[in-house]
Amino acid sequence: MNKKEIIDELHKMGYEVKEETLVKNGVNVLGVSIIDSDRFMIPVFHIDDIIKKAESIGATARAVAEEMLDIHNDAIRESEELDKPLLFSKENFKKNLYVAVQKESKEDIIKRKTEFEGIEKYLFLRINAIETFWTTKIKRGMLQNIDMAESEAWEIAEENLAKEIQIARMTSPFVQEEKKMFIISNKVMFRGASAVLNREAVKVFSEIENVKRIIVIPSSIHEMILIPCYENEDVEEELKRCSEIVELVNEEKVDPTERLTNRAYLIAF
């Protein structure tokens with residue numbers, strides 16, 4: 001199966017298709033969308049992932065096209081139910097605005113550097129849909145359309161993120177049993193690695209664990225791992241070892257579109 005077969009099936013069903021190259025966390029992916037609406041939030045399908053999944057279950061190009069159309073129509077119906085026009089109202093925009101992180105990029109979006117070398121933060125909209133999320137990265141023109149200053153957008157997005165931060169203890173086969181590790185993310189575990197940027201939350205965590213140094217492992221764009229460093233530990237040696245683990249796990253387990261950097265970081269208070 002290939003892209004042309006799927007697009008041909010959509011054409012036979014009477015639909016126009018838009019192809020575009022998307023940048024997903026620094027990785028170029030081919031996006032395909034069905035054009036029959038002027039709604040703002042239209043699903044963009046990552047065609048390579050769809051083909052891979054279809055081939056694994058033996059689906060036909062026709063079946064894939066029909067499933068894509070079902071997802072598209074569900075998205076449009078939900079958009080209509082939520083009364084989302086081509087441009088959001090300012091209040092709807094504010095409610096759904098968040099901060100996420102990715103590898104440093106040249107994308108033309110609203111973004112800033114972070115304290116973590118090689119990682120940038122950016123603004124995006126996250127709309128809750130049926131068993132998924134619709135998302136779009138924010139460009140300056142979008143803020144102009146709703147008469148919102150960039151500084152205000154960052155403040156609102158960071159406040160929304162702060163309300164969702166969660167830190168939970170975890171276990172890992174890569175670290176000794178006595179080593180305490182914690183996942184920091186948002187409540188939906190989706191593009192939640194940015195939670196680590198909230199210094200107040202991390203400081204409260206350090207006080208609870210009674211430490212002044214924390215190793216941060218950037219496990220993916222969805223979450224990070226916090227490792228408290230106690231007084232008797234060799235932090236430099238632990239930092240080196242954690243960086244080696246990050247590189248290994250990224251190579252073997254993490255999708256390239258969800259990877260951050262191949263190193264660990266240190267936060268000190």
Side-chain angles (χ1 to χ4, degrees), residues 25 97-105 110-124 126 138 150-172 174-247 249-250 253-254 258-269:
N25 192 30
L97 189 61
Y98 293 90
V99 180
V101 294
Q102 64 181 15
K103 292 182 291 188
E104 286 188 351
S105 73
I110 295 181
K111 60 184 181 179
R112 292 176 176 175
K113 289 183 177 294
T114 70
E115 63 185 285
F116 304 110
E117 183 181 10
I119 296 176
E120 65 188 17
K121 60 182 180 179
Y122 64 92
L123 299 178
F124 80 108
R126 188 192 80 204
I138 305 301
E150 188 172 324
S151 58
E152 180 187 4
W154 279 108
E155 183 178 350
I156 292 167
E158 287 166 353
E159 287 176 356
N160 288 342
L161 171 63
K163 294 173 185 176
E164 295 190 349
I165 293 174
Q166 294 186 344
I167 301 176
R169 179 118 184 229
M170 65 171 289
T171 59
S172 169
F174 296 105
V175 178
Q176 306 100 312
E177 286 187 11
E178 66 272 16
K179 179 65 66 177
K180 296 172 77 173
M181 300 176 66
F182 299 80
I183 293 176
I184 182 168
S185 185
N186 55 24
K187 66 180 183 181
V188 293
M189 299 292 288
F190 178 81
R191 297 193 190 181
S194 52
V196 79
L197 302 177
N198 187 299
R199 268 308 180 104
E200 183 177 351
V202 177
K203 190 173 191 304
V204 169
F205 168 78
S206 72
E207 291 170 351
I208 292 173
E209 290 300 313
N210 194 27
V211 296
K212 295 186 179 298
R213 298 169 299 178
I214 299 169
I215 288 178
V216 178
I217 294 179
S219 53
S220 78
I221 62 173
H222 302 299
E223 64 185 39
M224 292 203 188
I225 296 172
L226 305 179
I227 303 178
C229 295
Y230 299 96
E231 291 297 328
N232 61 342
E233 293 185 85
D234 185 337
V235 175
E236 291 303 319
E237 185 61 30
E238 184 68 12
L239 194 61
K240 178 181 177 182
R241 194 171 66 82
C242 287
S243 292
E244 292 172 351
I245 292 172
V246 173
E247 186 171 8
V249 173
N250 273 344
K253 302 290 186 181
V254 185
E258 298 187 349
R259 292 177 192 167
L260 291 173
T261 53
N262 286 333
R263 56 161 293 186
Y265 302 88
L266 182 67
I267 294 177
F269 292 99

Over all heavy atoms of both residues, which pair between R199 and F269 is shortest? Give the atoms and the distance, please. NH1-CE2, 3.6 Å

Reported CZ-to-CD1 distance for the pair R241 and I227, which is rounded to 0.5 angstrom: 7.5 Å

Salt bridge flag under 4.0 Å for residues E207 and K203: yes

Do I183 and M189 touch side chain to side chain, with heavy atoms closer than 4.5 Å? yes

For S219, all residues meeting side chain to side chain contact (heavy atoms under 4.5 Å, CB included), sequence neighbours excluded: E223, I225

For S220 versus A193, what's the shortest heavy-atom pair and its separation? O-CB, 3.3 Å

How close do V254 and R259 get, heavy atom to heavy atom, and via which atoms? O-NE, 2.9 Å

Can you label the angle between the Y98 ring and the F124 ring as parallel, tilted or perpendicular, going by 30° and 60°? tilted

Please report the C-alpha distance between Y230 and K180 in whole Å, then the side-chain angles of each, then the deciding distance to 0.1 Å, and finally whether the side-chain contact (heavy atoms from CB on, under 4.5 Å) criterion is met. CA-CA 10 Å; Y230 299 96; K180 296 172 77 173; 3.6 Å; yes

Backbone of K212 reached by a side-chain donor or acceptor of S206 within 3.5 Å: no

Identify the heavy atoms of L239 and I215 that sit nearest to each other, and give their distance. N-CD1, 3.7 Å

State whether K113 and E104 are salt-bridged, where the test is any N-O pair (Lys NZ or Arg NE/NH1/NH2 against Asp/Glu carboxylate O) under 4.0 Å. yes

Less than 4.5 Å apart, any side-chain heavy atom of E238 and any of R213? no

F116 six-ring face occupied by R263 cation (under 6.0 Å, within 45°): no

